[in-house]
Amino acid sequence: MPGANNFSRNSYLHHPNQTKGEFFARKQKIEQRRKKLPIAAVERRLVEEVRNNDTLIIVGETGSGKTTQIPQYLFKGGFCRDGGIIGITQPRRVAAITVAKRVSEECGVPLGQKVGYAIRFEDVTSGLTKIKYMTDGLLLREALLDPYLSKYSVIIVDEAHERTIHTDVLLGLLKNVQKARSKGINEVVNTDHNNSNNGHASEGRIDNQNNGILKPGQAKKYNPLKLIIMSASLDARVFSEYFGGARAVHVQGRQFPVDIFYTHKPETDCIDAALITIFQVILATNIAETSVTIPGIKYVVDPGLVKARTYDPKMGVDSLIIVTTSKAQALQRSGRAGREGPGKCYRLYQESFFEKLTDSTLPEIKRCDLSNVVLQLKALGIDDVINFDFIEKPDRTAIVNSLWSLYLLGAVTEENKLSDVGYQMAKLPLDPVYSKALIVASQFGCLKEMLICVAMLSVESIFYAPREKLEESRNALKSFASPDGDHLTLLNVYRAADEFFQKNKMVNSEEKAEKSLRKWCKDNYINSRSLKHARDIHSQILRNVEQMGLRVTSCEDDMLLFRRCLAASFFLKAAMKQPDGVYRVTLSGLIVQIHPSSVLFRAKPECIIFNELVHTNHSYVRNVSRIDYLWLVELAPHLYALQD
DNA sequence: GAGCACTGC
């Protein structure tokens, strides 16, 4: 989110008691600053370009001000006159919030009126909102409710070069929406595909939100959609080609020169080399590549390595491995040194090594589990996901494997169509396995427990164990630990926290209760941010399941029932203990160990279900519960049979 | 007995 970075040193916060004079002085100052932005000089030209091109690629260097200014130019240029609004997507929540705040200040209006933002758990928009910043994932969700994205006259996809999975899916979707809303009303969406069934699979379904599948006849009543793809990388060609040779324009940024230094010989120990370089001066991590501005950076040290998460779709294994960076990453990293003045970048490798790096990092869609993407696309009526016009096609096996697990979860029928259960699952903002778990739990009569369990499984690690207080944190965990596994342990933590919070709220204000909950977390070696996140997710999915009409009942103390429900939900990931104490994953045959952070690390029960499989030094399973193999035979008979 | 950079609904 480069646009916001220009402003990191000056903030224009509204002070409620400022005088009129102060107000105008501030306003003038903002105007002056806006005019100084490199992009200001080309305002009229840009508005013309958007007027003349339905799709426009804007390559804006860091610091050009494109993110904050272009929406304002378009508003002024009359793109909201027909009642449509301008939507701008960002890959990160923080960017959506800070830019929206910034732009509302520049417009001199309270946030949430003309200018607003929407992210998960937070909608700061109103009927007055004309410029709406949001996360790309949120716009994808909106498409499920309004497949034509009818309220937008312009959609700007910012930071497209980051190629997050949400951005990539959104681009494909927007291409379809634009086509459906364009003048050629006889065109059908998905005409790119060979399969004539595309886009019509769910016709006749009127009982769910999916009936809004893009039909040309319906699109008639919508205005054409203007699409703007903004990227910071020099390579606009990929986007331009994808959008049928769309016009690309370049906007100058404000970047100071950065001197690049390479090492003379290969560095074998990069930490050593980094430390030496740092002492002689920041270290480039992935943080340096994002929008977070750390003021005062003049020097960047780039070890040339990155910790990257990859996913093996065949085995369903997440790996965290250290790999070399790409050229684009290296450029991004060095660029950080030149934001506020001339800078220096030390690359801890030889120049010849740089030349050998790949041009750019593999887009996320090529290296992650696709079951959610496939489910969402199907819910949007795109049944032939394999032939979907992605900007970059995921591996076929990755899609096929996602389809297979969706089929095993009952989300997809044998005819490869979304089932009723699949539609239900698509409505939930969760991993499909977790969505299914909620539906299963409503049948088992333990949805109350499963809502908590799924919320807790959806967040980063709940426990934290600082090295210096390992013993204390272990003792704290003991008070929550269940001999049956991590799922019940997480349930115990959530319940204990909630009980503490509710009691506190009876005598204190909400704010005070929140504060003492954070203290409680600290005392119990629980990550309060993760817990807060889980509580937010919990209230959101509770609302969701109530809207879906699922019965939220509790199994009370019947934990046997709950564990059976875990088996019925997570049967795709089960493992059996081997004679030598390791585990064999039932479906893949992979040999794994229980992660040392699990409460079952020592107990080693005969049969387990788990939620995560990560490969680091070993293959580990995390979030593990003890089950009975016979339950699998009973509850997932399509996959499990009696053993000899 | 582990090792966690970041992000999203």
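Below, chain A is the first sequence line, B the second, and so on; all start at residue 1. The shown structure was predicted, so the numbers you read here are calculated from the model rather than taken from an experiment.
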Quick note, A:Arg602 side chain, CB onward, closest among B:dC9, B:dG3, B:dG1 is B:dG1

Donor-acceptor contact present, side-chain A:Ser442 to main-chain A:Leu550, <3.5 Å
no

For atom CZ of A:Phe463 and atom P of B:dA2, their distance in whole Å:
20 Å

Side-chain N or O of A:Thr135 versus OP1/OP2 of B:dC9: is the shortest distance under 4.0 Å?
yes

How would you list all residue pairs meeting salt bridge (Lys or Arg N to Asp or Glu O under 4.0 Å) that involve residues 428-442 of chain A, not counting sequence neighbours?
none

Between the base of B:dG1 and the side chain of A:Arg474, is there any donor-acceptor pair under 3.5 Å?
yes

Whole angstrom is fine here: how far is it from CD in A:Glu471 over to P in B:dG1?
16 Å

Sequence neighbours excluded, the answer for ring pair (Phe, Tyr, Trp, His ring centres under 6.0 Å) partners of A:Phe390 is A:Phe388

NA contact type, A:Ile537, heavy-atom cut-off 4.0 Å: base, sugar-phosphate, or nothing?
nothing

Closest of B:dG1, B:dC9, B:dA2 to the A:Thr616 side chain is B:dA2

By the 4.0 Å heavy-atom rule, please label A:Tyr620 as base, sugar-phosphate, or nothing.
sugar-phosphate

Distance, rounded to the nearest Å, where A:His595 contributes NE2 and B:dC4 contributes C1':
9 Å

Which nucleotide in B:dG1, B:dT7, B:dG3 has an atom nearest any side-chain atom of A:Arg92
B:dT7

Using OP1 and OP2 only, check whether a side-chain N or O of A:Arg622 sits under 4.0 Å from B:dC4.
no

Rounded interatomic separation in angstrom, taking CD1 from A:Ile97 and C1' from B:dT7
13 Å

Between P of B:dG8 and CZ of A:Arg163, the distance in whole Å:
19 Å

Between A:His595 and A:Asn623, is there a side-chain donor-acceptor contact under 3.5 Å, judged purely by atom types and distance?
no

note: A:Glu142, atom CD; B:dG8, atom P; distance rounded to Å ~ 17 Å

Is A:Lys66 salt-bridged to A:Asp158, going by a charged N under 4.0 Å from an acidic O?
yes

Distance in angstrom units between A:Gln90 CD and B:dC9 C1', rounded:
16 Å

Between B:dG1, B:dG3, B:dA2, which nucleotide has the shortest distance from any of its atoms to the side chain of A:Asn617?
B:dG3

Could you state the CG-C1' distance from A:Asn372 to B:dT7, rounded to the nearest angstrom?
15 Å

